[in-house]
Amino acid sequence: MPSVLADRRPLPTGAARAEPAAPRRRTRVLALPEARWAAAATVLFLLALPLQLTGAPGWAWGVPYALAYAAGGWEPARAGLRALADRTLDVDLLMIVAALGAAAVGQVMDGALLIVIFATSGALEALATARTADSVRGLLDLAPATATRLRADGTEETVAPADLTVGDTVLVRPGERIGADGRVLDGTSEVDQATITGEPLPVAKEPGDEVYAGTLNGTGALRVRVDRDAADSVIARIVRMVEEASGTKAPTQLFIEKVEQRYSLGMVAATLAVFAVPLAFGAALTGSLLRAMTFMIVASPCAVVLATMPPLLSAIANAGRHGVLVKSAVVMERLGQVDAVALDKTGTLTEGTPRVTDVVPLPGAGLGERELLTLAAAAEHPSEHPLARAVVDAARARDLALPTAHGFRSAPGVGVTATVQDRTVAVGAPARLLNGTSGTPEDGTPTGPSHAVGYDSPAAASPVTTRQAPDRAAASLVARLETDGRTAVLVVVDGVPAGVLGVADRLRPDAAATVAALTALTGSRPTLLTGDNARAAARLAGEVGIPDVRAGLLPEDKVAAVRERQDAGRRVLVVGDGVNDAPALAAAHTGVAMGRAGSDLALETADAVIVRDELAAVPAVVALSRRARRLVVQNLVIAAVFISGLVVWDLAGTLPLPLGVLGHEGSTVLVGLNGLRLLREAAWSEAARTAPDPT
């Protein structure tokens, strides 16, 4: 990671960063027709129910019930009839038939409630789909509305980024977003490209370096040659990858839905046979009809359906109480199937905020750790750069009193200089400060230690000799810190290196234990996928116990790594937080986003969100999902025993209708109560035993 420290003071009026952000594109709930029909059905049902319960005339509550049937059922009925035309018995049509059948035998309220529940479920699904599309479209708002193109005669023109072509030269002023992918021709700055690579710190850019559309320029001005058309930029490719991954991800169903089609067809055929066969052999019409009705009731898949949903919904509710938003029952089921994990680094395994980890004074500088940190923090105090904030926060954490700095100056990509207690203090990039070329701030005044004397002139012989030893010591210390994956920040006092600060993104306290828990759950160690540099990634991976490290990845590289494992037959769980993680979250078997700092796109694309940002919740919710799946199997066994017993009794003997109803409803209640066991607090505690304790 480049060692860069430059000023990020508020921009002057008119700078791009001061422009109001584009309004977020977010579909309103009632803008969806599914939501409007579901709301209408719900209101009509709530209007009819109290009238019926208070003994009002039948027409008073019958009319709103009928309207509720129509409002909530017409769309599923149309979809079911279309499926039937394609020779498929759709669950939508079965639901409508069941509701109408309930009304036909006098259970009007039960049928209406079924309609309302089904319509509401469809509306929620439509809303989730629309919100995901909103976030994908909103990603395009990262790109600036305009770009400054330089003509051949040196004059400027304002154009839309879509009008830029390969070979154009654009001017990117301080604080502006870069309008196109390209390479720097002239200028030095630092660029915040966390949206693309996930790197926690701005990256130094100078002539020859690559930059990406949608990333935020720092305090220096850049001239950039456009290398890609807008349609081929990294941001545009992220949008396409999310849409393609979401569209090509195999449609998933709950276990029971996979057998529902065949079971429903078989039950309908069997019911007709139970009625027609005895009748053909001379049995009485009433007896045959009663036996067929009893068979239809006891063979109805109500208990089978409830075998699946209560455990999964209970697990969803329990996870929600503990800060994990699981978006559907399908997702809860899929979480328990994962057998491989891929983790992002910045903001996932780490806190996403740089922290000072090392304060090392150089021998002979005459400064202790507290004095070195005090001088550095005082000089950095006026700056808004993330590294500057890290230094100031470290000083405040040690209760250090910061003296006032005077003559504050900054140079993009180099560092800052200020006078603190009558001493000239420069803080910044070791590569620049050790070379004595600390740059020039906006006012043209040389900054840093190099303004006093030129190292290559004969007159500078004595200063060079004086600085050779501190320079060598500083260079050695910088190399050691950067080898350990830290960002090194050099502190120069009165022209002589005085010490080095090590800065790194701090590891989450529960990261190592989470990795161990996920390894135990899946039987394989997680993979680290990051856009950060290899040294920082390797250091962090070593601390948490991840042997497979893939660093320097762009979003498409992360998707390729996920698909590589899935092509090998693994069900991959991806955990991330940024825009650059969204395509991998969409492509994975299951995607989980860290909620507190997660981008809108990652939160909407992911299947589940860790709302409280507790990494330990990831293995806990996986373990809870596996418990839910075990309860589903238990319930299916219970339902199968009851249904088989009652069906055999009805076919081989004479099963009284009331007893058949009692057995059917009893099995339904039993599996429902069994599934609700996962609502208990103890269910989460037992699942979390495989996860680290964040306290």
Side-chain angles (χ1 to χ4, degrees), residues 91 94 121 250-267 298-322 324 326-341 517-518 520-524 569-573 589-590 592 607-608 618-648 663-691:
V91 66
L94 290 177
S121 175
T252 57
Q253 295 175 297
L254 294 172
F255 171 79
I256 189 56
E257 292 176 351
K258 295 177 182 179
V259 299
E260 181 179 31
Q261 178 75 18
R262 295 178 181 176
Y263 187 95
S264 300
L265 288 171
M267 188 190 73
V298 299
S300 173
C302 295
V304 177
V305 172
L306 280 180
T308 300
M309 292 307 295
L312 296 174
L313 295 178
S314 298
I316 290 174
N318 202 337
R321 291 202 307 266
H322 292 87
V324 183
V326 180
K327 295 185 178 180
S328 71
V330 171
V331 172
M332 179 56 74
E333 185 181 50
R334 290 168 67 92
L335 277 166
Q337 299 171 346
V338 299
D339 56 10
V341 179
L518 290 171
L521 282 168
T522 62
S524 62
R570 310 305 293 270
R571 295 185 176 95
V572 181
L573 168 68
H589 178 270
T590 310
V592 175
D607 300 303
V618 176
V621 75
V622 171
L624 185 66
S625 171
R626 294 189 176 184
R627 289 204 64 203
R629 286 167 58 83
R630 288 195 293 270
L631 277 185
V632 168
V633 173
Q634 291 178 15
N635 282 347
L636 289 174
V637 171
I638 294 171
V641 169
F642 269 84
I643 291 175
S644 300
L646 293 172
V647 165
V648 170
H664 174 266
E665 297 301 327
S667 65
T668 302
V669 171
L670 182 60
V671 298
L673 293 176
N674 190 44
L676 295 178
R677 290 164 52 197
L678 289 185
L679 284 173
R680 298 176 301 130
E681 184 69 24
W684 179 266
S685 301
E686 292 169 6
R689 287 174 188 169
T690 60

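This is a predicted model, so every value here is computed, not measured.
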If you look at every heavy atom in [X] and [Y], which pair is closest and at what distance?
X      : Y      : answer
Ser625 : Gly336 : OG-N, 2.7 Å
Leu518 : Val341 : CD1-CG1, 3.9 Å
Ala688 : Ala620 : CA-CB, 4.0 Å
Leu624 : Ala683 : CD1-O, 4.0 Å

Inset, instruction - Classify the side-chain pair Arg680/Ser685 by whether it contains a donor and acceptor separated by less than 3.5 Å. - result: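 Checked: Arg680/Ser685 side chains show no N/O donor-acceptor pair below 3.5 Å.
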
Inset, instruction - Given side chain to side chain contact (heavy atoms under 4.5 Å, CB included), test Leu631 with Asn674 step by step and report yes or no. - result: CA-CA 7 Å; Leu631 277 185; Asn674 190 44; 3.8 Å; yes

Determine yes or no for a side-chain-to-main-chain donor-acceptor pair under 3.5 angstrom, with [X] supplying the side chain and [Y] the backbone.
X      : Y      : value
Ser524 : Asp339 : yes
Arg570 : Ala340 : no
Arg626 : Ala687 : no

Legend entry - Option from Leu335, Val592, Asn318 for which side-chain contact (heavy atoms from CB on, under 4.5 Å) with Val621 holds: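 The single option meeting the side-chain contact (heavy atoms from CB on, under 4.5 Å) with Val621 is Leu335.
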
Legend entry - side-chain contact (heavy atoms from CB on, under 4.5 Å) partner of Thr590, chosen from Met332, Arg334, Glu333: Arg334

Legend entry - Glu686 vs Glu681, side chain to side chain contact (heavy atoms under 4.5 Å, CB included): CA-CA, chis, key distance, verdict: CA-CA 9 Å; Glu686 292 169 6; Glu681 184 69 24; over 6 Å; no

Inset, instruction - Using a 4.5 Å cut-off on heavy atoms from C-beta on, say whether the side chain of Val637 contacts that of Phe642. - result: no

Inset, instruction - Evaluate the side-chain proximity of Gln337 to Arg629: yes if any heavy-atom separation is below 4.5 Å, no if none is. - result: yes

Legend entry - Chi angles and distances behind the side chain to side chain contact (heavy atoms under 4.5 Å, CB included) call for Val618, Leu573: CA-CA 10 Å; Val618 176; Leu573 168 68; 4.0 Å; yes

Inset, instruction - Report the C-alpha separation of Val326 and Val324 in whole Å, then their side-chain angles, then the decisive distance to 0.1 Å, and conclude whether the side chain to side chain contact (heavy atoms under 4.5 Å, CB included) test is met. - result: CA-CA 6 Å; Val326 180; Val324 183; 4.0 Å; yes

